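Chain letters run A, B, ... following the sequence lines, proteins first, then strands; residues in each count from 1. Here the structure is a predicted model, which is why all the values come from computation and not from measurement.
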There are 2 protein chains.
Amino acid sequence: MTIPKRSRAQLRAIQIDEIKRVAKVQLVTKGVSGVSLREIARDLGLVSSALYRYFSTRDELLTALILDAYNELGEAVEKADASVVCDDTFGRWRAACLAIRQWASAHPHEYTLLYGTPLLDYHAPDQTIAPASRVTLVLGRIVGDAHRRRPPSAIPTGNEDVTSWLNVSNLAQALPGVPTLYYVRALIAWSEIFGFLSFELFGHFKGSIIDYEKAFSHVVEELANFVLY
Amino acid sequence: MTIPKRSRAQLRAIQIDEIKRVAKVQLVTKGVSGVSLREIARDLGLVSSALYRYFSTRDELLTALILDAYNELGEAVEKADASVVCDDTFGRWRAACLAIRQWASAHPHEYTLLYGTPLLDYHAPDQTIAPASRVTLVLGRIVGDAHRRRPPSAIPTGNEDVTSWLNVSNLAQALPGVPTLYYVRALIAWSEIFGFLSFELFGHFKGSIIDYEKAFSHVVEELANFVLY
DNA sequence: ACAGAAAAGAGAGCAGTGCTCTCTCTGTTA
DNA sequence: TAACAGAGAGAGCACTGCTCTCTTTTCTGT
């Protein structure tokens, strides 16, 4: 019998996946504070110092979990957007927003890891930027498509200079075809989606909202009227 | 010389204040994860087990800090509201919102303690409800006053039954005189204020916003148009 | 006024954490 | 085949929250 020989690089990749797998179980069941290197090592039949061959610090492991979570969420939202016909910008908006909430409800601890208190004090590593942008880019594209379908005569204009306090070049890329006047509204809609979900998951709506799903769908509708038209 | 004799109850109150004082220094300088019972004890010249005469657990001490922070924020917002003449609902709205942001910027770790990831997993103690409501009540009163000044003919009405998914009795109390149709908008404005500030403090707006204060004041204006009229 | 109770603190200790250092063994590579 | 780098073991450091027992001081009810 020939034992399938795996190269050291392959074994290393497998071990990294194993560590992340066990860490994710702890994250799901006990939250981010319950992710313990020593317990991961015990689960894998290793000694704790062995883990440092793969992640040089606990924060580095958590960063890997953050990356995976951003990509999971991003993929879910991209799929939801793609499942609606391109011209139906309102339908796409709603599908994308509902996908965000669905993912957050299904993965509250992962959501908390992404949008709760940041662990890496106030400077996320650069590698998280791209995965974190996936959701934002989908929402921005939908808003952009909605405004591009508007007749030129109906394009609202403002005369305020926004360049001193908004990063217009970045926003223009994320919101292609959206009039500058709407940049603030887009930022509001974006942060409100996550503000609402954070309030929901963190318990601030307790006593105000009974059916969160229904309330959220109304919020999504109000926001659509606010940014799309 | 007569040493001013203090009763045991007085000494106890003083000691509790001392513990909280030192804990707050740690909170401000190192964040919530930097609040350590053993270090507090060392700072006070005590042994760590002595602290358990005053707070039976670390979470209990943190709850005390949460209470104080809610009351600080609530007082700041109440004062800001009171500093504007009652009829000027827009001015009051702006003053209250700016006071929230000012407090959050000046006390980022306290803000995080209140509106970041909850520590006490998903069930805040009842005693926090009242202090936490102070901000909400101010904002609700302003929105209420704005709508009460509207001529009855201009009151918008909707025909959707909202009682199945919103806690109408609670919201009616927090939003006196506000038409039911606006309850969702009020919830949006409320959660957007904190959603924006969380995004700002937690770094999600990096790359989009240059001058946060200016951006926030535009958000406040948009929200006012959204909830007050 | 005095005895009993309660409060406050000291000190030792438990179980747990992240992380480091040294040592050994085992594949890989020149 | 010899030198090297990767991987894991194991001991140990400094720290955490929390508990238990023991002593001293203060309050309180008869």
Check the distance between [N]'s [atom2] and [X]'s [atom1] and give it to me in whole angstrom.
X       : N      : atom1 : atom2 : answer
A:Arg42 : D:dG10 : CZ    : C1'   : 15 Å
B:Phe55 : D:dG17 : CZ    : P     : 14 Å
A:Glu39 : C:dA15 : CD    : P     : 16 Å
B:Leu46 : C:dG11 : CG    : P     : 11 Å
B:Leu37 : C:dG16 : CG    : P     : 19 Å
A:Arg12 : C:dT28 : CZ    : P     : 14 Å
B:Arg38 : C:dT17 : CZ    : C1'   : 13 Å
A:Arg53 : D:dG10 : CZ    : P     : 15 Å

Check: D:dG17 base within 3.5 Å donor-acceptor of B:Arg58 side chain: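 Looking at the base of D:dG17, it does not pair with any donor or acceptor on the side chain of B:Arg58 (distance under 3.5 Å).
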Looking at [X], I'd like to know whether one of its side-chain N or O atoms comes within less than 4.0 Å of OP1 or OP2 on [N].
X       : N      : value
B:Arg8  : C:dG9  : no
B:Tyr52 : C:dA8  : no
A:Tyr54 : D:dG8  : yes
B:Gln15 : C:dG9  : yes
A:Thr57 : C:dG18 : no

Between the side chains of B:Lys30 and B:Glu39, is the shortest nitrogen-to-carboxylate-oxygen separation below 4.0 Å, so that they form an ion pair? yes
Take A:Phe216 and A:Tyr212 through the ring pair (Phe, Tyr, Trp, His ring centres under 6.0 Å) test and state the conclusion after the steps. CA-CA 6 Å; A:Phe216 185 73; A:Tyr212 288 100; over 10 Å; no
So A:Phe199 and A:Phe205, would you call those rings parallel, tilted or perpendicular, with 30° and 60° as cut-offs? perpendicular
In terms of side-chain heavy atoms of B:Ser49, which of C:dT17, D:dA9, C:dA10 is nearest?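 For the B:Ser49 side chain, the nearest candidate turns out to be C:dA10.
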Let me spell it out: for each of B:Ser48 and A:Asp59, pick the nucleotide of DNA chain C with the closest heavy atom. Which residue's pick is nearer the 5' end? B:Ser48
Are any of the side-chain heavy atoms of A:Arg101 and A:Val220 separated by less than 4.5 Å?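 Sidechains of A:Val220 and A:Arg101: no contact.
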Side-chain (B:Ser191) to main-chain (A:Gly195) donor-acceptor, under 3.5 angstrom: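 Judged by distance alone, no pair lies under 3.5 Å.
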